[in-house]
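Just so we're clear, the structure is a prediction, and the values are computed from it rather than from any experiment. Hydrogens, waters and symmetry mates are skipped; everything else that's a heavy atom, side chains included, is used.
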Amino acid sequence: MDTINALSVQLAPHNPRGLLLHNPVIAASGTFGYGDEMSGVCDIQRLGAIICKGTTLAPREGNKQPRIAETPSGMLNAIGLQNMGVEALIATKSKIWAGWRVPVIVNIAGESLEEYAELARTLEGVPGISGLEINISCPNVASGCMEFGANPDSAARVTSAVKNATSLPVIVKLTPNACDIVAVAKAVAGAGSDAISLINTLKGMAIDTKKRKPILGNKTGGLSGPAIKPIALYMVYQVSSAVDVPVIGGGGIMTSQDALEFILAGATAVEVGTATLVNPAAATDIVEGLESYVAANNVKFAELIGAAQR
Amino acid sequence: MMAIVSGPGTPPTQSKAEVLSCNPVTAGTYLLRVNAPAVAAAARPGQFTMVKCGGDAFLRRPLSIHRVSETGAEISFLFAAIGKGTDWLSASKPGDTLDIIGPLGNGFDLHVSSREILLVAGGLGLAPLVFLAERARRNGIRVNLAYGTASDQRYDKKLLPEGIRLVEFTDDGTCGRKGFVTECVPGFIGSVDQVFVCGPLPMYFALSKQQNLKGKDIQISLETRMACGLGVCYACSIKTVDGQKQVCHDGPVFRLDEIVWNEMAGI
Ligand SMILES: Cc1cc2nc3c(=O)[nH]c(=O)nc-3n(C[C@H](O)[C@H](O)[C@H](O)COP(=O)(O)OP(=O)(O)OC[C@H]3O[C@@H](n4cnc5c(N)ncnc54)[C@H](O)[C@@H]3O)c2cc1C
Ligand SMILES: Cc1cc2nc3c(=O)[nH]c(=O)nc-3n(C[C@H](O)[C@H](O)[C@H](O)COP(=O)(O)O)c2cc1C
């Protein structure tokens with residue numbers, strides 16, 4: 001059995017262009033840069049896909065230092081979407097991506113519906129880009145972004161605005177900082193999202209007891225890593241049974257066992273974020289782990305998706 | 001300008017390094033030697049590695065390359081045990097293996113044309129400067145090392161590379177001159193070609209305020225919290241006169257006059 005093909009997944013079955021991945025392991029946004037920086041320490045072409053750093057229309061400087069704090073089994077980050085802006089991304093990165101086997105998805109973030117639509121229009125037809133991930137879930141910027149993801153109506157409006165502006169497959173990335181994530185998921189699926197990814201980080205805080213003030217320059221940050229895995233897993237379980245578009249699960253995945261849990265909970269693919277910061281080869285190790293699991297258990301990958309729901 | 005130890009470096013690798021020894025240097029500081037041929041071969045002074053620590057430490061910890069052995073197979077670290085990660089590391093035993101990524105960062109820019117340099121070390125800021133002193137001596141450059149600590153708990157002089165001129169400072173006067181090590185910089189600035197500084201932030205603040213140092217080739221090594229060490233997560237970004245830079249990738253070595261110092265106060 002060809003395990004490479006055995007793991008391939010289609011993330012945009014309803015989109016004419018489709019989004020076919022050789023395997024279901026995706027490098028998450030914000031922990032893998034633009035991919036090229038990682039080529040020395042990770043066999044990037046072995047990944048299912050790479051999602052680049054959150055990108056905005058204009059370049060952003062991001063938040064004040066300190067921007068990270070280690071917490072039990074995880075970390076807080078408040079990067080504040082520092083990025084080069086979409087024009088520089090097209091000028092410097094898309095050309096590199098166009099020569100790659102691994103598909104690259106651009107994570108986009110805006111402060112208004114119009115900004116999201118403008119980003120999608122700007123990226124339309126650019127070689128080297130296989131899809132868009134709409135970030136309506138960043139907890140670290142003062143306006144926009146997570147505000148859109150917190151309620152179903154605004155989440156659906158952003159989804160429609162982007163869908164109307166692009167022919168690329170669109171993934172909407174949800175925030176766990178919403179009252180009812182299932183309602184948000186249904187709304188974005190209804191608005192035409194090709195796939196849904198979850199979860200982004202959970203808003204949190206750490207305090208320096210010597211200085212008697214928050215550690216992060218931004219005071220609050222987003223919690224990621226193994227600490228959030230059980231929460232993420234349950235949300236993936238709930239959302240994937242409520243929508244009929246593919247779900248990409250993530251939050252605290254460190255190993256192929258963790259990835260398998262998300263797949264059994266209903267995820268068609270997984271995003272690996274913080275693990276990459278600790279072990280740059282974490283995502284490719286997970287690909288190998290899943291290949292071995294499928295081969296050793298003589299099971300079709302598709303049968304594993306959502307098996308724990310049945 | 002031609003440089004001995006700068007220019008595009010060898011890309012970092014992740015490797016398993018065998019611990020050769022880990023011994024206390026002073027109370028709470030340790031010298032850790034590991035076998036890491038790939039890192040040793042590629043390393044330049046001022047570069048660092050990201051070390052995976054066990055126990056409750058989740059992220060890797062950045063540590064400067066303190067020395068590379070003559071044989072070129074081993075590297076050493078000089079570090080203070082101050083928290084979860086470094087406490088765990090201080091209990092390393094010969095034969096243990098450490099997961100390290102390196103060499104990382106830009107390193108110091110030492111010029112071939114330099115005849116004499118000044119190194120200014122505050123406390124454990126000595127760590128990367130010993131490697132630089134070794135390389136400079138090997139290239140026939142005269143090396144002055146100004147080394148300041150709070151008290152007489154200090155690195156053993158006998159371990160320093162041969163042929164360097166040592167100027168000693170302590171805050172309490174128990175060893176060498178009493179005072180801050182940065183005080184000696186103006187006295188040297190006319191006679192040395194380059195100055196390299198490593199120490200806590202207040203040292204850099206002090207130097208940045210001295211008018212007579214403006215425009216001189218003074219390089220400093222910065223510390224910020226880091227997660228990836230590879231330039232992908234933007235945790236360590238700082239403001240420079242040329243815009244945002246990543247300490248892990250564009251640094252940790254910067255020109256003193258390149259940093260926007262009032263933005264650094266909160267760190
Ligand atoms: C480029 C670079 C080179 C360094 N070289 C050396 C060296 O050669 N010798 C040495 O003793 N120390 C060095 N440091 C500082 C060293 O990384 C910290 O002392 C260490 O990370 C503390 O970890 P901990 O788990 O013991 O402390 P904890 O307080 O438990 O750490 C908690 C978190 O804060 C971070 N952190 C704490 N203090 C620092 C610090 N000063 N700088 C950066 N991050 C910090 C840790 O990495 C961790 O993520 C260097 C730092 C940088 C950025
Ligand atoms: C340092 C850092 C930066 C991040 N930047 C982004 C970003 O730009 N856009 C985004 O959608 N998510 C971003 N995330 C969220 C991750 O992609 C991921 O959804 C989240 O961290 C949970 O997964 P994990 O536990 O595997 O990291 C970032 C996370 C971290 C730790």
**Message:** At a 4.5 Å cut-off on heavy atoms, which part of A/Leu216 comes close to chain B: side chain, backbone, both, or neither?
**Reply:** neither

**Item:** Per-residue contact mode, A/Met84 against chain B (heavy atom under 4.5 angstrom)
**Value:** neither

**Prompt:** For chain B, which residues from residues 29-42 of chain A lie under 4.5 Å away (heavy-atom distances)?
**Reply:** A/Gly30, A/Thr31, A/Phe32, A/Gly33, A/Tyr34, A/Glu37, A/Met38, A/Gly40, A/Val41

**Item:** Residues in residues 279-287 of chain A that sit under 4.5 Å from chain B, counting heavy atoms only
**Value:** A/Asn279, A/Pro280, A/Ala281

**Message:** With chain B as the partner, which of A/Asn83, A/Thr274, A/Ile79, A/Val278 has the greatest number of non-hydrogen pairs under 4.5 Å?
**Reply:** A/Val278

Measure distances from [X] to the heavy atoms of chain A and classify the residue's part below 4.5 Å as side chain, backbone, both or neither.
{"X": "B/Met50", "result": "neither"}
{"X": "B/Arg60", "result": "side chain"}
{"X": "B/Thr13", "result": "backbone"}

With the side chain counted from C-beta on, respond yes when [X] and [Y] share a heavy-atom pair under 4.5 Å apart, and no when they do not.
{"X": "B/Glu263", "Y": "A/Gln65", "result": "no"}
{"X": "A/Gln82", "Y": "B/Gln244", "result": "yes"}
{"X": "A/Pro72", "Y": "B/Phe58", "result": "no"}

**Request:** Provide the full list of salt bridge (charged side-chain N to carboxylate O under 4.0 Å, His left out) pairs with a residue in residues 25-36 of chain B, sequence neighbours left out, each pair given once.
**Result:** B/Arg33-B/Glu74

**Message:** Enumerate the salt bridge (charged side-chain N to carboxylate O under 4.0 Å, His left out) contacts for residues 46-58 of chain B, please, sequence neighbours excluded, ordered by first and then second residue.
**Reply:** none

**Message:** Please check if the number of heavy atoms outside A/Gln45 that lie under 6.0 Å from its CD is greater than 12.
**Reply:** yes

**Fill in**
What one should report as the nearest heavy-atom pair of B/Leu59 and A/Met75 is CD2-SD, 3.9 Å

**Complete:** Heavy-atom nearest pair, B/Ala227 first then A/Ile68, reads N-CD1, 3.8 Å

**Message:** So that I can tick it off, tell me whether A/Glu70 and B/Arg225 are bridged by a salt bridge, with the cut-off set at under 4.0 angstrom between side-chain N and carboxylate O.
**Reply:** no

